[in-house]
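Right, one structure below, let's go through it.
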Number of protein chains: 2
Amino acid sequence: MQVSTRTDISPVEQLHALVAADMRATDVLIHERLSSAVALIPDLAKHLIDSGGKRLRPLLTLAAAQVGGYHGAHHIKLAAAVEFIHTATLLHDDVVDDSALRRGKVSANIVWGNKASVLVGDFLFSRAFELMVETDELKVLGILSHASAVISEGEVMQLKSSGNLQASEDHYLRVVSAKTAELFAAAAEAGAVIAGGEHAKALRAYGQNLGIAFQLVDDALDYSGRQALMGKAVGDDFREGKVTLPVILAVARADEAALKFWKKTIEMGTQGEADLDRAITLVEQTGAIADTMERARGYAGLACRALETLPESKIRDVLAAVADFCVARAY
Amino acid sequence: MQVSTRTDISPVEQLHALVAADMRATDVLIHERLSSAVALIPDLAKHLIDSGGKRLRPLLTLAAAQVGGYHGAHHIKLAAAVEFIHTATLLHDDVVDDSALRRGKVSANIVWGNKASVLVGDFLFSRAFELMVETDELKVLGILSHASAVISEGEVMQLKSSGNLQASEDHYLRVVSAKTAELFAAAAEAGAVIAGGEHAKALRAYGQNLGIAFQLVDDALDYSGRQALMGKAVGDDFREGKVTLPVILAVARADEAALKFWKKTIEMGTQGEADLDRAITLVEQTGAIADTMERARGYAGLACRALETLPESKIRDVLAAVADFCVARAY
C-alpha cells in the first residue's frame with residue numbers, strides 16, 4: 001500500500017491530526033469523568049492518564065468511526081471508555097508486576113500504594129461501563145466487556161507461565177493476543193460498529209494484528225538499551241521472569257552454558273548484577289531479537305492487509321503507516 | 001409489620017425457599033460462566049463462590065423481580081452478574097485488607113497470591129458485564145456500572161481514613177453507604193427494573209437501608225467473640241486500623257488513658273498482644289457496641305418502612321423479616 005503522507009511527523013501523529021477535534025473532545029471527557037468527591041481517585045488516575053501515553057487505543061476507536069463516516073457524538077464516549085479500560089489494566093498490571101516505573105514516571109502503586117491502585121483501577125473500569133451505557137449501544141458494551149474478560153485471562157496466563165522456560169511460542173502468542181491485542185481489536189471494532197458496522201471485521205483484524213506487532217516490539221525492546229530512552233525500565237521482563245518471545249527463541253538456540261544461565265535467572269529467579277547484560281548479549285547473539293522483530297513485521301503486514309477491503313482514503317493510508325511505524329520505532 | 005412466617009428456619013432461608021428454583025438456576029449459571037480455558041480462574045473463583053456465602057445480593061435481585069411479577073428469564077443473568085460483582089469486590093478487598101480468612105476459609109490471596117486475586121477479580125467483573133449485556137436492558141447496566149463506581153469510591157474513602165481517629169460518624173456512614181449498601185440497593189433496584197420498574201424506588205431504599213444495617217452489625221461483631229463462630233477472624237478491623245463506628249463512638253467517650261490507647265493502637269498502629277482484648281472491653285464499656293447495634297436497628301426499621309408501598313404478599317413479609325433478622329443475628 002503506497003502511503004503518501006507527510007514524513008516530518010510520525011504516522012501516529014498524523015493519525016492524531018486526522019481526528020484532532022475528536023481527540024480533544026475525548027480528552028476533555030476523560031478529565032470530566034475522572035472527577036470524584038474522593039480526591040485521591042482523580043489524583044492517582046491523572047498521574048497515569050496525563051503521563052504522555054500516546055492514546056493509541058482511543059485513537060483507533062475514533063479513526064474507525066471516521067472510516068465508517070460516523071456523524072454522531074457517541075464515539076467520544078466510546079474512546080474515553082476505551083482509554084479508561086486501558087488505564088485500569090495498566091494500574092492493575094503495575095501492581096501485579098511490582099513495577100516501579102511507567103511512561104518514565106514513578107508508577108502509581110509506588111506513589112499511592114498497591115491498594116489504592118487496585119481500587120482506582122476498579123473505579124475507572126466502572127466508569128468505562130457507565131460511559132458505554134450512555135452510548136445506548138448494547139453491541140459495543142458486549143464487545144468491550146468480552147474484551148475485558150479476555151484481557152484478564154491473558155494476564156492470568158502470563159502470571160502462570162512466569163518463570164516457565166517450557167512455554168512455547170504458541171502459548172506466548174495466545175497470551176499476547178489476549179492481554180494486548182484484544183483491546184486494540186475491540187477498540188477498532190467498537191468504533192466501526194458505532195458507525196454502522198460495515199468495516200467492523202476488517203478494522204478488528206487490523207487492531208488485532210497491530211496489537212500483536214506492538215507487543216512483540218515491546219518485548220524485543222525490553223532487551224535493548226533503547227528502552228531507557230522511551231521512559232521504561234530496561235530489563236523489566238527479565239527481572240520479573242517473564243518468558244517472552246526473545247527468551248523462548250534464545251532458549252531454543254542455547255548451548256549448555258546458556259541454558260544453565262536461563263534456568264538460573266528465569267526458572268529459579270536467581271539474578272546477579274551482570275546477568276541482565278548477559279541476557280541481552282544472548283538474545284542478540286542467537287538472533288532472538290532479530291527474529292522477534294521479523295515476526296512483528298509479519299503481523300504489521302497482516303494489519304495493513306486487513307485494511308485492503310476499506311475504501312481508499314487518507315485515514316486508511318495513515319492507519320497502514322501506523323502499523324509499519326510501530327515496528328520501525330525499534331530501529 | 002406483622003410477619004406470619006415459619007420460625008424454625010431463618011428469614012434468609014425463607015427468602016431462599018421463595019425463590020428456590022430461580023436461585024438454583026442462578027447457581028448453575030454462575031458455575032457455567034466461571035469457566036475459562038485458564039484453569040486458575042475457575043479454581044480461584046470457586047474457592048470463594050462455593051465457600052458458603054449466603055448469596056444475599058442475588059437473592060435481593062430475584063426477590064425484587066418476583067415482587068414485580070416478572071415472568072422472563074433475564075433475572076437469572078442479572079442475579080449471577082450481581083454475585084460476580086460482589087465476588088470481584090471481595091477478592092480485591094482481601095488484597096487491600098491483607099486478609100487471611102474469608103468465610104472461615106483461608107482467603108484466595110493467601111492460596112494463590114495477591115496478583116491472581118486482582119486479575120480474577122477483574123475477570124469476574126468483566127463477566128458480570130457480559131451477563132448484563134445479554135439481558136438486553138441498558139437501564140440495569142447503568143444501575144450496576146454506577147454502583148460499581150460508587151463501591152470503589154467507598155473503598156478508597158475507607159482506605160484513606162484508615163487510622164484517622166478524627167473520622168466522623170457522618171464520614172463513616174458515607175463509606176458504608178458506598179462500599180456496602182450501594183450493591184444491596186442496586187441489586188434490589190435492578191431486579192425491580194427488569195420486572196417493569198414499578199417498585200424500583202421502594203426496593204432500592206429497602207436494599208440501601210438493609211445494607212447499612214448489615215454493615216453496622218458486621219462492624220459491631222468484629223469486636224465480639226461471636227465473630228469467631230461465623231468464620232471470620234476476630235478483630236480484623238482493629239488490626240487493620242479501620243475506624244468503624246464502634247471505635248468512633250468509643251473514642252468520643254474515652255477518658256485520657258483510653259484516648260492514649262486508641263492513638264497508640266489505631267493512629268500509630270502499634271499493637272501488642274493484649275490490645276485487642278482491651279479494645280473489646282473499651283467498646284463494650286462505653287456502650288459503643290450497644291449504640292452501633294441501636295443504629296443498625298434504626299436502619300433495619302427504615303428498610304421495613306420502605307416496603308410499605310409494596311402490595312401485601314408473603315415475599316414482602318419475608319423481606320421485612322430479613323431486615324429484622326440481620327440485626328438479630330448479633331445476639
Chain A interface, residue from Val120(B), Asp136(B), Val95(B) that has the most non-hydrogen pairs under 4.5 Å = Asp136(B)

Within-4.5 Å side-chain heavy-atom neighbours: Glu189(B) and Leu203(B) | no

Arg204(A) and Glu182(A) ion-paired at < 4.0 Å = yes

Separation between CG (Leu183(B)) and OG (Ser148(B)), nearest 0.5 Å, reads 7.5 Å

Which portion of Leu159(B) sits near chain A, non-hydrogen atoms under 4.5 angstrom | side chain

Where on Asn114(B) is there a heavy atom nearer than 4.5 Å to chain A: the side chain, the backbone, both, or neither?
-> neither

So which part of Leu138(A) gets closer than 4.5 Å to some heavy atom of chain B, the side chain, the backbone, both or neither?
-> both

Minimum side-chain heavy-atom gap His92(A)-Glu155(A) below 4.5 Å | no

Looking at Leu141(B), Val118(B), Val156(B), which one has more heavy-atom pairs under 4.5 Å with chain A than the rest?
-> Val156(B)

If only atom types and distance count, is the side chain of Arg127(A) paired as donor or acceptor with the main-chain N or O of Arg33(A) below 3.5 Å?
-> yes

Tell me, for Ala37(B) versus chain A, whether the close heavy atoms (under 4.5 Å) come from the side chain, the backbone, both or neither.
-> backbone

Between the CG atom in Asp236(B) and the OG1 atom in Thr244(B), the distance rounded to the nearest 0.5 Å is 11.5 Å

Contact leader toward chain A among Phe123(B), Phe125(B), Phe129(B), where contacts are heavy-atom pairs under 4.5 Å | Phe129(B)

